[in-house]
Amino acid sequence: WPEGFNSKNKLLPKNVGKERKQFADMVIACSKGVAKEIKPELTREELKVVWNGVDKTKFEKEAKTKSKSRRALRINSRTLLISCIANYREQKRLHLIPSIIEEVKKLTKEEVRCIIAGECPEWKEEAKEIKKKILQEIEQAGVRNEVILVGDIRESQKLLAASDVYLTTSKAEGLSVSQLEALASGIPLVTSKVNGSLDIKEELKDKNFISIFNQRETPAEIAKKIIEANKWAKTRERKSQIPRSMTLEIMAPRTLNLY
């Protein structure tokens, strides 16, 4: 059940909300926060939480090839590389990233690059408008060389292997698969305060691998978190940090047990 749904949302089944009729035997939420959000909308439906999971071995293996992955992207070893993988949807708030990168530049002597990867279907007006807004923000922030839009990618592990910090600015998330992939690649998260990020922090053994900012924090404050996350990660061995409870190894049998 995606975060952000409520009884006013058009995508909800018509018999949920006011009429309070049972519409399913079970509702599966991908985070505790989502479960809490949807619970008031249900009547007799059983509510279960099963976290998303990723195959950590694929990302662990690729994470050991950071130098090779950087060469493929033409990013040198001294560059601070920030990545974000997201579809062009309003809830992702990708237009906030250029102003954050502008502030990151002020805080470091390193070269800075931010790669935003994600599908922008030409037939989808919302996506086209969001891309237009991102490009406008890039120009306004003066980060044309620093923020790179690469479109859809097939192998996220290669980009993540090359990255230093993973950034998300979403207004709402259930439990972000890309955040789990970043942790499996051994890179720290700087993320907005949404349901999924709170679940991740709760499950993480090393809480330093996630830095959460609230919706009121300024680009300068978020930039400082990125710099701090990068400095801290450099003192640690690069290895997977994904909680075992959020791996495919655990998610698959938990899902099967529902049926």
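- Under a 3.5 Å cut-off, the side chain of S31 and the backbone N or O of G174 do form a donor-acceptor pair.
- Under the 3.5 Å distance criterion, the side-chain polar atoms of N195 are left unmatched by any main-chain donor or acceptor of L198.
- Put simply, CG on L96 and CD1 on I134 are 9.5 Å apart, with the number rounded to the nearest 0.5 Å.
- Note on I85: it does not cluster hydrophobically with L167, by side-chain heavy-atom contacts below 4.5 Å among ILVMFWY residues.
- Every side-chain contact (heavy atoms from CB on, under 4.5 Å) that T191 has, sequence neighbours left out, goes to T168, Q179, S197, I210, I212.
- Side chains of I97 and C114 form a contact here, defined as non-hydrogen atoms less than 4.5 Å apart.
- Y88 places none of its side-chain heavy atoms less than 4.5 Å from the side chain of K92.
- Applying the side chain to side chain donor-acceptor pair (under 3.5 Å) rule to E137 yields no partners; only residues at least two apart in sequence or on another chain are considered.
- Under a cut-off of 6.0 angstrom, the local environment of NZ in K225 is crowded, with over 12 non-hydrogen atoms contributed by other residues, nucleotides or ligands.
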Working for side-chain contact (heavy atoms from CB on, under 4.5 Å), residues L73 and R113
CA-CA 11 Å; L73 292 169; R113 294 291 183 272; over 6 Å; no
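- Not a single side chain to side chain donor-acceptor pair (under 3.5 Å) links S185 to another residue, sequence neighbours left out.
- By the 4.0 Å N-to-carboxylate-O rule, R78 lies too far from E111 to be salt-bridged with it.
- By the 4.5 Å heavy-atom criterion applied to side chains, L183 and Y166 are not counted as neighbours.
- Every residue two or more places apart in sequence or in another chain that forms a side-chain contact (heavy atoms from CB on, under 4.5 Å) with K234 is listed here: E110, N230.
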Quick one: do K32 and E202 satisfy salt bridge (Lys or Arg N to Asp or Glu O under 4.0 Å)? Show the steps, please.
CA-CA 11 Å; K32 293 178 182 178; E202 184 179 314; 2.5 Å; yes
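- The backbone N or O of I75 sits nowhere less than 3.5 Å from a side-chain atom of R70 that would complete a donor-acceptor pair.
- Among residues two or more places apart in sequence or in another chain, the salt bridge (Lys or Arg N to Asp or Glu O under 4.0 Å) test is passed with K48 by E46.
- Counting heavy atoms from C-beta outward, I227 and T108 have side chains that approach closer than 4.5 Å.
- Expressed to the nearest 0.5 Å, how far CG of D206 lies from CD of Q241 amounts to 6.0 Å.
- Looking at S240 and F59, their side chains never come closer than 4.5 Å, going by heavy atoms from C-beta outward.
- Under the side chain to side chain donor-acceptor pair (under 3.5 Å) criterion, E221 pairs with T218, sequence neighbours left out.
- In this structure the side chain of E126 reaches within 4.5 angstrom of the side chain of E90, judged on heavy atoms.
- Taken together through direct or relayed side-chain contacts under 4.5 Å among Ile, Leu, Val, Met, Phe, Trp and Tyr, V194 and I222 form parts of separate hydrophobic clusters.
- Summarising the geometry, atom CG belonging to L135 is positioned 13.5 Å from atom NE2 belonging to H95; distances are rounded to the nearest 0.5 Å.
- Atom CZ in F209 sits 8.5 Å away from atom CG in L204 (nearest 0.5 Å).
- By the rule that hydrophobic residues join a cluster once side-chain heavy atoms approach within less than 4.5 Å of another member, V54 and L175 end up as members of one cluster.
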Between side-chain atoms of residues 244-259 and protein atoms elsewhere (two or more places apart, or another chain), which donor-acceptor pairs fall under 3.5 Å?
| from | atom 1 | to | atom 2 | distance (Å) |
| --- | --- | --- | --- | --- |
| R244 | NH2 | E249 | OE2 | 3.1 |
| S245 | OG | E203 | OE1 | 2.7 |
| T247 | OG1 | R244 | O | 2.7 |
| T255 | OG1 | M251 | O | 2.9 |
| N257 | ND2 | P253 | O | 3.2 |

For E125 and K128: C-alpha separation, side-chain torsions, deciding distance, then whether salt bridge (Lys or Arg N to Asp or Glu O under 4.0 Å) applies.
CA-CA 5 Å; E125 286 301 319; K128 287 166 63 177; 3.5 Å; yes
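- By the side chain to side chain donor-acceptor pair (under 3.5 Å) test, K66 is found to be paired with D164, residues two or more places apart in sequence or in another chain being considered.
- Taking K124 as the reference, nothing meets the salt bridge (Lys or Arg N to Asp or Glu O under 4.0 Å) condition, with sequence neighbours excluded.
- Panel note: side chain E217, backbone N214; a donor-acceptor pair is recorded below 3.5 Å.
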Distance-only criterion, 3.5 Å: show the donor-acceptor pairs between side-chain atoms of residues 140-154 and protein atoms not counting sequence neighbours.
| from | atom 1 | to | atom 2 | distance (Å) |
| --- | --- | --- | --- | --- |
| R144 | NE | E139 | OE2 | 3.0 |
| R144 | NH2 | E139 | OE1 | 2.9 |
| R144 | NH2 | E139 | OE2 | 3.3 |

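- The main-chain N or O of R89 is never found under 3.5 Å from a side-chain atom of N87 such that the two would form a donor-acceptor pair.
- Using a 4.5 Å heavy-atom cutoff, the side chains of C84 and I115 are not in contact.
- Under the 4.5 Å side-chain heavy-atom criterion for ILVMFWY residues, a single connected hydrophobic cluster contains both L189 and L81.
- Here the CD atom belonging to Q91 is positioned 9.5 Å from the CD1 atom belonging to I130, to the nearest 0.5 angstrom.
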Report the C-alpha distance between E45 and D25 in whole Å, list the side-chain angles of each, state the deciding distance to 0.1 Å, and finish with yes or no for side-chain contact (heavy atoms from CB on, under 4.5 Å).
CA-CA 5 Å; E45 295 86 358; D25 295 312; over 6 Å; no
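- Around the NZ atom of K207, the shell of radius 6.0 Å holds more than 12 heavy atoms that belong to other residues, nucleotides or ligands.
- Here the side chains of I226 and I100 are in contact, with some heavy-atom distance below 4.5 Å.
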Under the salt bridge (Lys or Arg N to Asp or Glu O under 4.0 Å) rule, what do E103 and K106 come out as? Steps first, then yes or no, please.
CA-CA 5 Å; E103 295 298 328; K106 298 175 184 177; 3.2 Å; yes
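- Atom OG of S163 sits about 13.0 Å away from atom NZ of K158, to the nearest 0.5 Å.
- Residues passing the salt bridge (Lys or Arg N to Asp or Glu O under 4.0 Å) test with E119, sequence neighbours excluded: none.
- A donor-acceptor contact closer than 3.5 angstrom links the side chains of R93 and Q215.
- In this structure, L80 is not a member of the same hydrophobic cluster as L160, with clusters built from ILVMFWY side-chain heavy atoms closer than 4.5 Å.
- Under the side-chain contact (heavy atoms from CB on, under 4.5 Å) criterion, K68 pairs with T65, R71, sequence neighbours left out.
- Evaluated for a side-chain contact (heavy atoms from CB on, under 4.5 Å) with W51, the options D199, L180, I200 yield exactly one hit, D199.
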